[in-house]
Amino acid sequence: MAEINHFEYGWITPTLSYALSVLGSFLGLVCAGRIRTGATGGQRFWWGLLAAWAIGGTAIWAMHFMAMLGFAVDGTRIRYDVPLTAASTIIAVVAVGIGLAIVGTGRLNTTRLIIGGLFTGLGVAAMHYTGMAAMRLHGDLTYDALRVVLSVLIAVVAATVALWLAMTVRRGLAIGASALVMGVAVNGMHFTGMSALSVHLHEERGEVTGAEVTTLLIPIVLAVIFGVVGLVYALIAAPTDDDRAALAYLDARQPPVAAPTAQAAPDPVGLRARSQATLGQPGTPFPSRRRDDTRPR
């Protein structure tokens, strides 16, 4: 059995992973708060999509990858299967999105919350172990069943609490405190699952296929940066409840505008009167200029 080191770079990677989970949770909670206040179905879908990306993509998946930077196994190099790594991202975002859709449509109740939390928690656990399966090294991975079950329970409880906070928390200070708690839960689930892992090295070692962690680091960091910037811009540009209330108040204070009445064009030389006298009313035959042959000559 190989020796595993979860903190190869000290406390740098767990600190960064916790910071990412808190940042993603904060942005996701703010976006989720806009779901119920959306005026149209399109607006609610848009805010749900942004919240799913913030929580699933940044708070969960980016945190997972950042923590994996500090993961090392003595005696072997570690590489990653790119399709499986991308699939773990999609699993996280889709699971959170479906959970938000379950609790964000209709009246929030215990049944909706439990179903949404169960589905999202299982999705988060599937993301974690899919990301683990993407590792390529000279060894076989085995897991302690009890710790795996414990990590899944933590994921379900954390997801349920996160969905409840997303639908109920509105104030900035409460959102910040909730994001700190969600960061602890996400990291707790990750490192509990990692502690269940054991690696048995192969005696014969060939070439390890896959992408190195440094190869994946740059595109992932850029994706996180552009994603966070986009989320912040969307939140700043979107009108808040106070903005809409102020606009409605200003509209109510404005006096009604009377419809403009049609005014006749000026007729300084009396052409209109002459034409009416000459042509007559509608239906009157047009006068002929031909000589009347019936008159006596």
Side-chain angles (χ1 to χ4, degrees), residues 20-63 89-127 155-183 185-186 189 223-224 226-248:
L20 278 175
S21 61
V22 171
L23 177 61
S25 298
F26 181 84
L27 294 174
L29 290 175
V30 176
C31 292
R34 306 287 181 92
I35 296 177
R36 289 187 173 273
T37 60
T40 63
Q43 292 180 1
R44 290 190 291 270
F45 175 80
W46 171 248
W47 288 116
L49 182 63
L50 292 180
W53 172 255
I55 298 176
T58 302
I60 297 175
W61 185 85
M63 170 268 148
T89 311
I90 297 173
I91 291 172
V93 175
V94 171
V96 175
I98 294 177
L100 288 171
I102 293 173
V103 301
T105 56
R107 185 177 180 181
L108 181 63
N109 53 43
T110 305
T111 303
R112 286 178 177 272
L113 187 61
I114 293 176
I115 295 175
L118 181 62
F119 189 92
T120 305
L122 293 177
V124 170
M127 179 281 304
V156 171
V157 173
T160 304
V161 173
L163 292 177
W164 178 78
L165 292 173
M167 293 296 106
T168 56
V169 175
R170 294 291 181 269
R171 299 298 178 183
L173 184 60
I175 292 176
S178 301
L180 294 174
V181 175
M182 288 175 62
V186 172
M189 179 269 164
V224 170
F226 284 113
V228 170
V229 171
L231 288 168
V232 172
Y233 177 79
L235 290 170
I236 293 176
T240 62
D241 294 338
D242 295 336
D243 295 334
R244 286 188 286 267
L247 183 60

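We're numbering straight along the sequence, starting at 1.
Atoms CD1 and CG, on Ile102 and Leu118 in that order, are 9.0 Å from each other to the nearest 0.5 Å. A distance of 7.5 Å separates OG of Ser25 from CD1 of Ile60, quoted to the nearest 0.5 Å. Between the CD1 atom of Ile55 and the CG atom of Leu50 there is a distance of 11.0 Å, given to the nearest 0.5 Å. Rounding to the nearest 0.5 Å gives a distance of 15.0 Å between CZ of Arg34 and CZ of Arg44.
Applying the ring pair (Phe, Tyr, Trp, His ring centres under 6.0 Å) test to pairs two or more places apart or on separate chains, those with a residue in residues 37-61 are Trp61-Phe65. Residues in residues 90-104 take part in no side-chain hydrogen bond (donor to acceptor under 3.5 Å, both in side chains) pair, two or more places apart or across chains.
Judged as a side-chain contact (heavy atoms from CB on, under 4.5 Å), and not counting sequence neighbours, the contacts of Val157 are Val161. Legend: residues meeting side-chain contact (heavy atoms from CB on, under 4.5 Å) with Val181, ordered by chain and number and at least two apart, are absent. Partners of Thr58 by side-chain hydrogen bond (donor to acceptor under 3.5 Å, both in side chains), not counting sequence neighbours: none found. Every residue two or more places apart in sequence or in another chain that forms a side-chain contact (heavy atoms from CB on, under 4.5 Å) with Ile91 is listed here: Ala126, Met127, Thr130.
Within the 4.5 Å cutoff, the side chain of Leu100 has heavy atoms near those of the Met167 side chain. Leu27 is listed as a side-chain neighbour of Leu235, based on a closest heavy-atom distance under 4.5 Å. Between Ile175 and Val30, the closest side-chain pair of non-hydrogen atoms falls below 4.5 Å. Looking only at side-chain heavy atoms (C-beta outward), Thr120 and Leu163 come within less than 4.5 Å of each other.
The two residues Leu231 and Cys31 have their closest heavy-atom pair at CD2-SG, 4.2 Å. When all heavy atoms of Val22 and Gly183 are compared, the pair lying nearest together is CG2-CA, 4.2 Å. Listed here is the closest heavy atom pair of Met189 and Ala155: CG-CB, 3.7 Å. What you find for Ala62 and Leu20 is that their closest heavy atoms are O-CD1, 3.8 Å. The minimum heavy-atom distance linking Gly56 with Val93 is given by the pair C-CG2, 4.2 Å. Heavy atoms only, all atoms of each residue included: Gly121 and Ala159 are closest at N-CB, 3.5 Å.
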Intermediate values then yes/no, side-chain contact (heavy atoms from CB on, under 4.5 Å), Leu29 and Leu165: CA-CA 7 Å; Leu29 290 175; Leu165 292 173; 4.1 Å; yes

